[in-house]
Amino acid sequence: MTVQLLKLGFLASRNGSSARAICEAIQRGELSAEARLMVSNRRDAGALDWARTQGLPSLWAPTVGDPDAADARLAEAMRAHGVNLIILSGYLRHLGPRTLEAFKGRILNIHPGPLPEFGGEGMYGRRVHEAVIDAGVSRSAIVIHGVDEVYDRGPELTRRWVDVEPGDTVDSLESRVTALEPVFFVETLKRLSEGVLVLA
């Protein structure tokens with residue numbers, strides 16, 4: 001079996017929990033990958049502080065004010081660090097055309113609910129779990145999908161179903177899904193590196 005080395009760039013607006021889990025899996029030798037760069041649109045993001053403690057190159061790239069310049073800077077930074085796959089880990093900004101074109105088919109996001117039913121602009125985090133509970137469905141899902149110019153529209157790579165249990169609240173469902181997301185992302189990247197999954 002030929003294993004592909006993934007050269008990962010991360011985008012995170014807050015703590016970057018999945019990014020951290022992925023980096024820790026790399027450090028343990030469980031994932032054939034290299035962490036190349038951590039980027040956030042927020043100067044105070046916990047993900048940037050964490051990256052600095054790990055010796056992982058990091059970049060603050062604010063998008064407010066001049067999104068075109070931020071897009072160009074992001075695309076160039078990812079290229080300069082040799083990234084071949086971008087991972088969104090709670091990144092709450094729309095990606096610009098330069099980054100989308102430079103890494104077409106090489107950007108992955110994780111979504112905490114079934115798509116397309118519970119996706120789209122403004123549907124992230126707790127809002128997704130609220131919508132799932134309000135809809136009365138019997139199960140939710142964690143979906144890893146490609147990223148394009150429309151929120152949550154990119155091709156689905158894989159999903160993990162999560163039962164909505166009797167008596168579930170938004171808090172309990174959110175807690176269960178949040179705990180599963182980082183592990184699922186690591187497992188998915190392993191399958192990608194091993195060729196079991198293939199990007200569209």
Side-chain angles (χ1 to χ4, degrees), residues 6-27 31 33-113 119-128 142-154 174 177-186 188-189:
L6 305 177
K7 301 173 184 178
L8 306 177
F10 300 98
L11 294 173
S13 292
R14 295 175 181 165
N15 289 324
S17 299
S18 288
R20 295 187 192 202
I22 292 165
C23 290
E24 289 164 359
I26 293 170
Q27 291 166 1
L31 176 62
E34 295 175 353
R36 294 294 187 94
L37 181 65
M38 177 76 76
V39 180
S40 182
N41 60 305
R42 296 178 52 140
R43 187 199 295 269
D44 62 349
L48 291 182
D49 292 336
W50 181 84
R52 294 183 192 108
T53 68
Q54 301 299 304
L56 174 61
S58 60
L59 174 68
W60 171 51
T63 55
V64 176
D66 193 345
D68 289 340
D71 178 29
R73 186 180 183 204
L74 175 58
E76 177 54 34
M78 290 292 180
R79 281 193 295 256
H81 283 83
V83 169
N84 64 16
L85 183 64
I86 295 177
I87 302 297
L88 273 60
S89 180
Y91 189 67
L92 304 179
R93 303 298 297 177
H94 199 270
L95 292 180
R98 290 181 180 86
T99 302
L100 289 172
E101 181 58 33
F103 292 90
K104 189 172 183 178
R106 307 293 298 179
I107 307 173
L108 293 178
N109 182 49
I110 189 164
H111 187 77
E121 187 169 1
M123 288 295 287
Y124 59 87
R126 188 177 179 84
R127 297 177 184 182
V128 176
I142 305 167
V143 178
I144 294 177
H145 64 93
V147 174
D148 62 18
E149 66 275 10
V150 177
Y151 284 108
D152 301 327
R153 186 190 66 178
E174 179 180 37
V177 169
T178 299
L180 291 171
E181 283 179 322
V183 175
F184 185 44
F185 223 148
V186 170
T188 298
L189 291 178

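Keep in mind the model is a prediction, meaning the values are calculated, not measured.
Under a 3.5 Å cut-off, the side chain of Arg36 and the backbone N or O of His81 do form a donor-acceptor pair. No donor-acceptor distance shorter than 3.5 angstrom exists from the side chain of His145 to the backbone of Arg153, with no hydrogens or angles considered. Remark: side-chain polar atoms of Arg106 are paired, donor with acceptor, to backbone N or O of Asn84 under 3.5 angstrom. When atom types are taken as modelled, the side chain of Arg127 and the backbone of Gly122 share a donor-acceptor pair closer than 3.5 angstrom. Judged purely by atom type and a 3.5 angstrom limit, Asp71 uses its side chain to pair as donor or acceptor with the backbone of Thr99.
Atom CG of Asp152 is separated from atom NE2 of His111 by 4.5 Å, given to the nearest 0.5 angstrom. Residue Leu6 holds its CG atom at 6.0 Å from CG of Leu31, rounded to the nearest 0.5 Å. Interatomic distance, CD of Glu181 versus OG1 of Thr188, reported as 11.5 Å (0.5 Å rounding). The OG atom of Ser40 sits 9.0 Å away from atom CG of Leu92, with the distance rounded to the nearest 0.5 Å. Note that the CZ atom of Phe185 and the CG atom of Leu180 stand 14.5 Å from one another [nearest 0.5 Å]. Rounded to the nearest 0.5 Å, atoms CZ (Phe184) and CD1 (Ile144) are 4.5 Å apart.
By the neighbour-count criterion of 12 heavy atoms within 6.0 Å, atom CZ of Arg20 is densely surrounded, having more than that number from other residues, nucleotides or ligands.
The pair Glu76-Arg79 counts as a salt bridge, with a side-chain nitrogen and a carboxylate oxygen less than 4.0 angstrom apart.
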Let's go through Gln27 and Gln54 carefully: what are the C-alpha distance in whole Å and the side-chain angles of both, what is the deciding distance for side-chain contact (heavy atoms from CB on, under 4.5 Å) to 0.1 Å, and is it a yes or a no? CA-CA 10 Å; Gln27 291 166 1; Gln54 301 299 304; 3.2 Å; yes
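When each of Leu74, Ile87, Asn109, Leu37 is paired with Leu11, the side chain to side chain contact (heavy atoms under 4.5 Å, CB included) condition holds for Leu74 and for no other.
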